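For ligands, and for the atoms within them, numbers begin at 1 and follow the listed sequence. Quick caveat: nothing in here was measured; it's all calculated off a predicted structure.
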Amino acid sequence: MAILASGNGTNAQQISEYFAGNPRVEINVIIYNKKDAYVAKRAENLGIEAKYFNRHDFYESDNVLSFLQERQVDYVILAGFLLLVPENLLGAFPNRIVNIHPALLPKYGGKGMYGHHVHEAVVANHEQVTGITIHIVDNRYDCGTTLFQAKCKVEPTDSPDDVAAKIHLLEKEYFPRVIDSFIFDKPMPQSTAIAD
Ligand code: GAR
């Protein structure tokens with residue numbers, strides 16, 4: 001498995017820790033596309049190789065694809081990865097690229113809707129409920145088949161940071177388990193966060 005990330009890397013770390021010691025899953029590499037991304041430091045602490053690729057590597061060459069193929073990667077996990085996945089990767093990993101989005105898609109998805117921008121929009125629109133969506137990646141931002149959603153309440157007094165904290169808890173609880181269920185064809189976890 002390869003994890004792609006752009007920033008802090010809490011999800012990358014949680015996935016790596018969840019699968020550590022599992023003889024059937026290897027996190028082979030954490031790929032990042034922003035030079036100063038803290039995820040590289042997390043990878044180092046975890047003893048996992050971190051590999052930087054720039055826009056050219058993703059969009060104007062087969063550098064990333066060749067690298068993943070050399071490593072015999074089966075699944076690509078987007079954990080806070082903010083670039084649109086290029087066609088060559090989509091073609092090479094059909095239904096094998098999974099993303100997490102910090103909202104209940106199709107709400108608050110699309111270009112520019114990522115990370116804190118999502119939580120700010122959720123608060124600005126006085127949503128009472130938000131959540132996470134884990135989905136298969138296709139060639140559009142935040143579309144593709146949904147594998148799992150979990151919800152949390154938004155209180156009227158919640159700031160975007162408060163919402164972010166709730167979302168990170170959901171991500172921690174569910175993202176690694178949903179990946180596990182997806183790749184080994186097991187039932188998805190039951191979301192107990194809040195009732196429908
Ligand atoms: C996560 O909340 C993830 O859902 C979001 O970025 C954050 C990354 O945090 N992803 C997107 O917004 C994708 N559109 P992390 O770097 O600490 O894992």
Peer 1: Restricting to non-hydrogen atoms, name the atom on Leu89 and the atom on Ile97 that form the minimum distance, rounded to 0.1 Å.
Peer 2: O-CD1, 3.7 Å

Peer 1: Below 3.5 Å, N or O to N or O, backbone or side chain included: is there any such pair between His101 and ligand 1?
Peer 2: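 Such a contact does occur with ligand 1.
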
Peer 1: Would you say CD of Glu155 has more than 12 non-hydrogen atoms from neighbouring residues, nucleotides or ligands within 6.0 angstrom?
Peer 2: yes

Peer 1: Can you give me every donor-acceptor pair (side chain of residues 103-115, partner residue at least two apart or in another chain, under 3.5 Å) with its distance?
Peer 2:
residue : atom : partner : partner atom : Å
Lys107  : NZ   : Glu127  : OE1          : 3.1
Lys107  : NZ   : Glu127  : OE2          : 3.1
Tyr108  : OH   : Asn125  : ND2          : 2.8
Tyr108  : OH   : Glu127  : OE2          : 2.7

Peer 1: With heavy atoms of Ile100 as the reference, note each atom of ligand 1 found under 4.0 Å away.
Peer 2: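 Every atom of ligand 1 under 4.0 Å from some heavy atom of Ile100: 4 (O), 10 (N), 13 (C).
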
Peer 1: Can you name the atoms of ligand 1, numbered from 1 with element, that are less than 4.0 Å from a heavy atom of His168?
Peer 2: 2 (O), 9 (O)

Peer 1: Which residue supplies the protein heavy atom nearest to atom 17 (O) of ligand 1, what is that atom called, and how far is it?
Peer 2: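 Of every protein heavy atom, Thr10 OG1, 2.5 Å lies nearest to atom 17 (O) of ligand 1.
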
Peer 1: Which of the atoms of ligand 1 are close to Gly80, meaning less than 4.0 Å from one of its heavy atoms?
Peer 2: 6 (O), 8 (C), 10 (N)

Peer 1: Heavy-atom contacts with Tyr114 under 4.0 Å: which atoms of ligand 1 show up? List them by number with element.
Peer 2: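 Near Tyr114, the atoms of ligand 1 are 12 (O), 14 (N).
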
Peer 1: Need the ligand 1 atom indices (1-based, order shown) with element for anything under 4.0 Å from a heavy-atom of Glu171.
Peer 2: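 Atoms satisfying the 4.0 Å criterion: 1 (C), 2 (O), 3 (C), 4 (O).
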
Peer 1: Look at ligand 1 and say whether Gly9 reaches it with a heavy atom at a distance under 4.0 Å.
Peer 2: yes

Peer 1: Show every donor-acceptor pair shorter than 3.5 Å between a side-chain atom in residues 63-71 and any protein atom, with sequence neighbours excluded, or say none if there are none.
Peer 2:
residue : atom : partner : partner atom : Å
Asn63   : OD1  : Ser61   : OG           : 3.4
Asn63   : ND2  : Asp57   : OD1          : 2.6
Asn63   : ND2  : Ser61   : OG           : 3.2
Ser66   : OG   : Asp62   : O            : 2.7
Arg71   : NH1  : Asn28   : OD1          : 2.8
Arg71   : NH1  : Glu49   : OE1          : 3.0
Arg71   : NH2  : Glu49   : OE1          : 2.7
Arg71   : NH2  : Glu49   : OE2          : 3.3

Peer 1: List the closest protein heavy-atom neighbour of atom 12 (O) of ligand 1: residue, atom name, distance to the nearest 0.1 Å.
Peer 2: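 Sorting protein heavy atoms by distance from atom 12 (O) of ligand 1 puts Gly115 N, 2.9 Å first.
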
Peer 1: Atom 5 (C) of ligand 1: which of Pro102, Ala164, Ala79 has the nearest heavy atom?
Peer 2: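 It is Pro102 that holds the nearest heavy atom.
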
Peer 1: Take the angle between the ring planes of Phe58 and Phe81 and call it parallel below 30°, perpendicular above 60°, tilted in between.
Peer 2: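 Judged by the thresholds at 30° and 60°, the geometry between Phe58 and Phe81 is tilted.
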
Peer 1: If we count only N and O atoms by modelled type, under 3.5 Å, do the side chains of His168 and Glu171 hold a donor and an acceptor together?
Peer 2: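 A donor-acceptor contact under 3.5 Å links the two side chains.
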
Peer 1: If every non-hydrogen atom of Pro160 is compared with every non-hydrogen atom of His116, which pair is closest and at what distance?
Peer 2: CB-CE1, 3.5 Å

